[in-house]
Amino acid sequence: MLGSLRHLNALRAFESAARHSSFARAAAELSVSHSVISQHIKTLEQWLGTELFRRLGNRVELSEDGRALVPQVSNGFQILNDACEGMLRMTQSGTLVVSAEPALASLWLRKRITEFCEEYPKIDIDLRPAWQPPQLGEGHADVVIHFETRQTAGEGRQHRLFPIIGFPACTPDLRDQLLAEGPCDWSSVPLVHDNGREIWHQWFSAHESSSLCWQKGRVYSDLSLAIEAAVDGEGVVLADEVLCAKALQSGALVKLDPRQIECVWYAVALPDNTRVGTAADSFVSWLGSGVPVIETQID
């Protein structure tokens with residue numbers, strides 16, 4: 001065992017090169033040079049007494065022995081990774097201040113924070129809904145999750161979480177009423193807007209370009225209020241499969257029209273100095289691994 005562990009870095013290089021079928025990509029993943037990967041593979045081949053890769057010009061492919069070794073090495077690294085992550089879940093501690101857009105906070109994020117805290121029992125999360133993203137950093141927010149368009153460009157490390165793909169939805173009773181005499185007459189549809197009329201404007205521009213009906217309807221200052229209003233039968237809202245999942249699954253809201261648009265992206269931001277393995281990094285990585293897969297059929 002000790003002899004094998006002397007070649008741990010070489011095994012890492014082999015696993016990465018095998019997964020990518022490329023020494024160059026393995027070098028980029030492990031933040032070393034191409035020559036370092038080549039030397040690691042050569043050392044491993046000398047130690048094992050067999051060729052692990054066939055060199056084909058600028059390409060490499062696994063030899064028969066290399067293909068036999070890959071699953072065992074990959075499984076070994078997965079075991080090590082799982083062991084370390086399990087220990088981190090039990091030992092990482094502290095309180096994270098997470099600021100999030102209110103609708104996302106109440107309709108999607110709150111439940112996931114509960115699940116995260118069950119896996120990481122020593123990390124507490126202070127969830128703070130906010131219409132405008134606060135400043136990142138000590139004394140402010142450790143993590144900000146908000147509309148991408150409202151995040152401050154260039155502040156912290158930012159990446160996209162998932163998009164909101166909107167389609168018209170309302171209560172079953174209202175749908176039946178609006179479709180009672182055939183296709184929907186959009187001039188008679190009571191619209192529910194959130195934070196202005198721009199999103200409905202985009203939908204009409206894409207699908208009912210000759211209509212100005214987007215100018216009508218009640219405007220709510222918050223997306224969650226607009227969704228609640230639609231559930232209460234006040235009108236038709238541009239719903240989605242993520243924030244409106246509970247209302248759609250229960251039948252409180254149903255699709256009125258399958259045509260949809262990309263409304264906005266949610267994005268996550270962390271301070272630039274957030275280190276790998278910290279509570280904030282673990283939370284964002286965990287959250288990213290469970291983001292919904294959004295299927296788009298946008299015309």
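Keep in mind that the numbers below use all heavy atoms, side chains included, and drop hydrogens, waters and symmetry copies. Numbering of residues begins at 1 and proceeds along the displayed sequence.
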Asker: Do Cys213 and Val189 touch side chain to side chain, with heavy atoms closer than 4.5 Å?
Answerer: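 No; the side chains remain at least 4.5 Å from each other.
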Asker: Before you tell me yes or no, could you show the steps for Trp203 and Arg259 under side-chain contact (heavy atoms from CB on, under 4.5 Å), namely the whole-Å CA-CA distance, both residues' side-chain angles and the distance that decides it to 0.1 Å?
Answerer: CA-CA 8 Å; Trp203 188 89; Arg259 294 176 295 177; 3.6 Å; yes
Asker: Hey, is the main chain of Arg12 close enough, under 3.5 Å, to the side chain of Ser16 for a donor-acceptor pair?
Answerer: no
Asker: Is there a donor-acceptor contact under 3.5 Å from the side chain of Thr274 to the main chain of Pro271?
Answerer: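 Side chain of Thr274 to backbone of Pro271: a pair is present.
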Asker: Tell me, yes or no, whether the heavy-atom count around Trp131 atom CH2, taken from other residues, nucleotides or ligands under 6.0 Å, exceeds 12.
Answerer: no
Asker: Could you check whether atom CD of Glu115 has more than 12 heavy atoms from other residues, nucleotides or ligands sitting under 6.0 Å from it?
Answerer: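 Enclosed.
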Asker: Okay, side chain of Gln158, backbone of Thr152: is any donor-acceptor separation there less than 3.5 Å?
Answerer: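 Yes: the side chain of Gln158 pairs with the backbone of Thr152.
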Asker: Atom CD1 in Ile164, atom CZ in Phe147: separation rounded to 0.5 Å?
Answerer: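 Separation between the atoms: 7.5 Å.
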Asker: So do the side chains of Val236 and Trp200 get within less than 4.5 Å of each other, counting heavy atoms only?
Answerer: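 Result yes, sub-4.5 Å side-chain heavy-atom pair found.
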Asker: Can you tell me how far the CD1 atom of Ile165 sits from the CD1 atom of Ile261, to the nearest 0.5 Å?
Answerer: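 Rounded to the nearest 0.5 Å, the CD1-CD1 separation comes out at 8.5 Å.
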Asker: Kindly give the heavy-atom pair with the smallest separation between Ile123 and Ala279, and that separation in Å.
Answerer: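 Heavy atoms of Ile123 and Ala279 come nearest at CD1-CB, 3.7 Å.
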Asker: Has Glu45 got a side-chain atom pairing as donor or acceptor with Leu52's backbone, closer than 3.5 angstrom?
Answerer: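 Yes, Glu45 side chain to Leu52 backbone: donor-acceptor pair under 3.5 Å.
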Asker: Provide the closest heavy-atom pair for Ala10 versus Leu44 in the form atom of the first, atom of the second, distance.
Answerer: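 In terms of heavy atoms, the two residues are closest at O-CD2, 3.9 Å.
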Asker: Is the number of heavy atoms from other residues, nucleotides or ligands under 6.0 Å of Lys42 NZ greater than 12?
Answerer: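 Atom NZ in Lys42 is not packed in, count stays at 12 or less.
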Asker: Does a side-chain heavy-atom distance below 4.5 Å link Asp257 with His207?
Answerer: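 No, their side chains stay 4.5 Å or more apart.
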Asker: Taking side chain as C-beta onward, heavy atoms only, is Asp124 less than 4.5 Å from Cys117?
Answerer: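 Side chain of Asp124 against side chain of Cys117, heavy atoms only: no contact under 4.5 Å found.
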Asker: Of all heavy-atom pairs between Ala17 and Phe53, which one has the smallest distance, and what is that distance?
Answerer: CB-CZ, 3.8 Å
Asker: Please check: side-chain N/O of His7 versus main-chain N/O of His40, any donor-acceptor pairing under 3.5 Å?
Answerer: no
Asker: Can you find a heavy atom in the side chain of Asp272 that is under 4.5 Å from one in the side chain of Arg157?
Answerer: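 SC-SC contact between Asp272 and Arg157 confirmed.
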Asker: For Leu223 and Leu107, run side-chain contact (heavy atoms from CB on, under 4.5 Å): C-alpha distance rounded to whole Å, both residues' side-chain angles, the deciding distance at 0.1 Å, then the answer.
Answerer: CA-CA 10 Å; Leu223 177 56; Leu107 298 173; 5.9 Å; no
Asker: Would Val219 and Leu238 show up in the same hydrophobic cluster when neighbours are defined by side-chain heavy atoms closer than 4.5 Å?
Answerer: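 Result: no, two separate clusters.
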Asker: What distance do Phe116 atom CZ and Leu109 atom CG have between them, rounded to the nearest 0.5 Å?
Answerer: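 Going from the CZ atom of Phe116 to the CG atom of Leu109 covers 11.0 Å.
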Asker: Step by step, would you call Val97 with Asp142 a side-chain contact (heavy atoms from CB on, under 4.5 Å)?
Answerer: CA-CA 5 Å; Val97 175; Asp142 300 303; 3.7 Å; yes
Asker: Is a side-chain N or O of Asp194 found less than 3.5 angstrom from the main chain of Tyr220, in a donor-acceptor match?
Answerer: no
Asker: Any heavy-atom pair between the side chains of Tyr266 and Val242 that's under 4.5 Å?
Answerer: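 Not touching, per the 4.5 Å side-chain cut-off.
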Asker: Side chains of Leu48 and Leu69: closer than 4.5 Å at any heavy-atom pair?
Answerer: yes
Asker: Is the shortest side-chain heavy-atom distance between Leu161 and Trp265 below 4.5 Å?
Answerer: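 Contact flag for Leu161/Trp265 side chains = no.
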Asker: Compare every heavy atom of Glu234 with every heavy atom of Arg218, then report the nearest pair and how far apart it is.
Answerer: NH1-OE1, 3.5 Å
Asker: Flag yes if more than 12 heavy atoms outside Gln46 fall under 6.0 Å of its CD atom; otherwise flag no.
Answerer: yes
Asker: Using the rule that two of Ile, Leu, Val, Met, Phe, Trp, Tyr join whenever any of their side-chain heavy atoms come within less than 4.5 Å, decide whether Trp47 and Leu8 are in one cluster.
Answerer: yes
Asker: Over all heavy atoms of both residues, which pair between Gln151 and Pro133 is shortest? Give the atoms and the distance, please.
Answerer: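 The pair with the smallest heavy-atom distance is OE1-CB, 4.2 Å.
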Asker: Mark yes or no for whether Ser99, through its side chain, and Ala141, through its backbone, hold a donor-acceptor pair below 3.5 Å.
Answerer: no
Asker: Would Arg25 and Glu29 pass as an ion pair if we require N to O under 4.0 Å?
Answerer: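 So Arg25 does not pair with Glu29 through a salt bridge.
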Asker: Backbone N or O of Lys216 within a donor-acceptor pair of the Arg197 side chain at under 3.5 Å?
Answerer: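 Yes.
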Asker: Sequence neighbours left out, what passes salt bridge (charged side-chain N to carboxylate O under 4.0 Å, His left out) with Arg150? Give chain and number order.
Answerer: none
Asker: Looking only at non-hydrogen atoms, find the nearest pair between Ile199 and Cys263 and report the distance.
Answerer: CG2-SG, 3.7 Å
Asker: Do Val254 and Val192 sit in the same hydrophobic cluster, where Ile, Leu, Val, Met, Phe, Trp and Tyr count as joined when their side-chain heavy atoms come under 4.5 Å apart?
Answerer: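 Hydrophobic grouping puts Val254 apart from Val192.
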Asker: Say you draw a straight line from CG of Leu96 to OG1 of Thr278; how long is it, rounded to the nearest 0.5 Å?
Answerer: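 The OG1 atom of Thr278 is 8.0 Å from CG of Leu96, to the nearest 0.5 Å.
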Asker: Would you say that more than 12 heavy atoms from the other residues, nucleotides or ligands in this model lie under 6.0 Å from the CZ of Arg19, or not?
Answerer: yes
Asker: Could you check whether any side-chain N or O of Ser289 sits under 3.5 Å from a backbone N or O of Trp286, counting only pairs where one atom can act as donor and the other as acceptor?
Answerer: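 Side chain of Ser289 to backbone of Trp286, a donor-acceptor pair under 3.5 Å: yes, one is there.
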Asker: Mind running side-chain contact (heavy atoms from CB on, under 4.5 Å) on Phe204 and Leu191 for me, showing each step along the way?
Answerer: CA-CA 12 Å; Phe204 273 87; Leu191 300 182; 3.8 Å; yes
Asker: Spell out, as yes or no, whether a donor-acceptor pair under 3.5 Å connects the side chain of Arg112 to the backbone of Trp108.
Answerer: yes
Asker: What is the distance from atom CD of Gln177 to atom OG of Ser188, rounded to the nearest 0.5 Å?
Answerer: 8.0 Å
Asker: Measuring from Asp232:CG to Leu174:CG, what's the distance to the nearest 0.5 Å?
Answerer: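 Here the rounded value is 12.5 Å.
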Asker: Among Ile, Leu, Val, Met, Phe, Trp and Tyr joined by side-chain contacts under 4.5 Å, find the other residues sharing a cluster with Val144 and list them by chain and number.
Answerer: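 Listed partners: Leu136.
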